[in-house]
Amino acid sequence: MHILKKSGRLSLRKKICLMILGLYLLTAFLAPWIMPYKVTDFSHPSLEPPCAEYLLGTDEMGHDIFSMLINGFRLTVALSLISGFLSTFLGTFLAFLAGYLGKLADEILTMAASLFLIVPELVVIMFVAVFARPTMLNTVLVIVLFSWPRVFKITRSKLSDCMNSSKVRYTMMMKGNVLDVIRKLLPDILPVIQSFFILQCNKAVMYETTLSFFGIGDPLAKTWGKLIRAAMDYEDLYYDNTFLWYLLPPILVVIVFTVSLALLVTEET
């Protein structure tokens with residue numbers, strides 16, 4: 001009931017964003033039943049334009065583009081949620097740990113986070129991904145390991161004020177462990193964690209799409225980035241308007257997804 005009341009106070013813009021994201025999640029969940037053909041099926045005529053049988057036509061290898069696009073919902077959205085959750089959890093937990101253990105742990109973790117932030121995340125992620133095995137698991141791990149510092153820094157800043165509250169000092173005086181302190185602080189920083197989770201999901205999509213576009217991601221995973229890369233590799237992409245049904249759809253779904261996530265946490269003006 002509380003969630004329903006809170007959602008009722010959202011602006012029209014955020015309600016539309018939630019509806020769009022809900023549609024993405026539903027598509028990702030129903031992807032195996034929505035796809036008319038398997039993504040590994042290349043028995044169709046090559047470069048068939050959109051028609052009743054092939055809603056977005058086929059590529060030069062004979063794959064159904066609509067099926068690959070829908071499969072991208074399943075893979076990219078799942079990767080986004082998993083990476084976003086893990087990176088937010090890791091950064092938040094380390095921030096709690098730094099505040100709870102005190103000065104030495106705080107200095108070490110803060111210095112580690114600062115070192116990670118010196119080099120742009122995407123550059124480091126691409127560099128490590130080149131030397132890691134090209135699997136979806138490694139893609140998730142690389143994104144998580146190199147995107148937690150920003151979560152840590154801002155959450156730690158928020159926690160620095162909360163750690164001096166009477167409820168936290170009382171808990172620590174009663175020899176409460178780190179989990180007890182987390183339970184006391186969680187209501188104060190939950191909005192920050194929620195915002196970071198959405199932003200980290202957004203970044204995960206952009207990172208995975210970029211890695212796939214440059215051929216660094218899992219070559220067997222038919223994500224949106226892989227579909228964009230395949231379209232760009234086709235030499236006659238702009239001949240006879242092929243780009244309209246080959247390249248444009250995956251670009252649009254990436255843009256709509258990332259913009260919807262971004263607008264969901266943007267403050268009203």
Side-chain angles (χ1 to χ4, degrees), residues 21-22 24-32 35 39-40 68-97 109 112-113 115-117 119-155 192-230 250-251 253-262 264-265:
L21 295 174
Y24 270 68
L25 289 173
L26 183 63
T27 304
F29 179 75
L30 298 176
M35 291 187 298
V39 292
T40 55
M68 291 195 293
L69 184 70
I70 296 300
N71 187 68
F73 277 84
R74 182 171 62 90
L75 294 178
T76 306
V77 172
L79 183 141
S80 166
L81 293 174
I82 294 171
S83 301
F85 172 79
L86 291 178
S87 59
T88 303
F89 175 81
L90 180 61
T92 303
F93 180 75
L94 291 176
F96 274 118
L97 207 59
L109 289 171
L115 288 175
F116 275 102
L117 289 172
V119 182
E121 293 176 24
L122 186 56
V123 174
V124 179
I125 288 173
M126 291 178 66
F127 178 79
V128 174
V130 167
F131 295 97
R133 292 182 60 188
T135 64
M136 288 293 286
L137 176 60
N138 284 342
T139 300
V140 171
L141 291 177
V142 168
I143 291 174
V144 171
L145 289 176
F146 292 97
S147 60
W148 65 268
R150 199 171 302 277
V151 179
F152 170 85
K153 296 279 282 188
I154 296 180
T155 305
V192 177
I193 296 175
Q194 291 172 340
S195 297
F196 261 120
F197 170 66
I198 295 172
L199 290 174
Q200 291 299 101
C201 288
N202 193 336
K203 289 168 66 175
V205 172
M206 292 188 289
Y207 288 162
E208 191 285 323
T209 302
T210 304
L211 290 175
S212 295
F213 180 79
F214 285 107
I216 300 175
D218 188 347
L220 300 178
K222 305 299 183 181
T223 60
W224 293 331
K226 285 294 182 185
L227 188 53
I228 294 171
R229 176 73 268 173
I251 289 179
V253 294
V254 170
I255 291 175
V256 171
F257 188 56
T258 54
V259 169
S260 297
L261 286 169
L264 199 59
V265 294

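Computation of the quantities below employed the complete heavy-atom set of this structure, encompassing side-chain atoms and omitting hydrogens, waters and symmetry-equivalent molecules.
- Among all heavy-atom pairs drawn from Arg74 and Ala31, the shortest one is CB-CB, 3.9 Å.
- Atom CZ of Phe197 and atom CG of Leu86 lie 9.5 Å apart (nearest 0.5 Å).
- When all heavy atoms are compared, the tightest approach of Leu264 to Ile198 is CD2-CD1, 3.7 Å.
- Side-chain atoms of Ser87 and Gln200 include a donor-acceptor pair closer than 3.5 Å.
- Atom OG1 in Thr155 sits 10.0 Å away from atom CG in Leu94 (nearest 0.5 Å).
- The CG atom of Leu109 sits 4.5 Å away from atom CZ of Phe152, with the distance rounded to the nearest 0.5 Å.
- Side-chain contact check for Val144 versus Phe89: every heavy-atom pair is 4.5 Å or farther apart.
- The distance between the ring centers of Trp224 and Phe73 falls below 6.0 angstrom.
- The minimum heavy-atom distance between Ile143 and Glu208, with the atom names listed, is CD1-N, 4.3 Å.
- Note: Lys203 NZ to Arg150 CZ = 5.5 Å, rounded to the nearest 0.5 Å.
- Atom CD1 of Ile154 and atom CZ of Phe196 lie 3.5 Å apart (nearest 0.5 Å).
- Residues Thr258 and Thr209 are not in side-chain contact: their nearest non-hydrogen atoms beyond the backbone lie 4.5 Å or more apart.
- Listed here is the closest heavy atom pair of Pro250 and Ile228: CB-CG1, 3.7 Å.
- Lys222 and Leu75 get closest at one heavy-atom pair: N-CD1, 3.6 Å.
- The shortest side-chain heavy-atom distance between Thr223 and Leu79 does not fall under the 4.5 Å cut-off.
- Contact between Ser260 and Leu21 at its shortest, heavy atoms only, is CB-CD2, 4.0 Å.
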>> Is there a side chain to side chain contact (heavy atoms under 4.5 Å, CB included) between Phe93 and Leu97? Walk through the geometry before answering.
In response: CA-CA 6 Å; Phe93 180 75; Leu97 207 59; 4.2 Å; yes
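- Using modelled atom types, no side-chain atom of Tyr207 and backbone atom of Val142 make a donor-acceptor pair closer than 3.5 Å.
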> Yes or no on side chain to side chain contact (heavy atoms under 4.5 Å, CB included) for Leu81 and Leu25, after CA distance, side-chain angles and deciding distance?
Replying inline: CA-CA 10 Å; Leu81 293 174; Leu25 289 173; 3.7 Å; yes
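- Not one N or O on the side chain of Ser83 forms a donor-acceptor pair closer than 3.5 Å with the backbone of Ser80.
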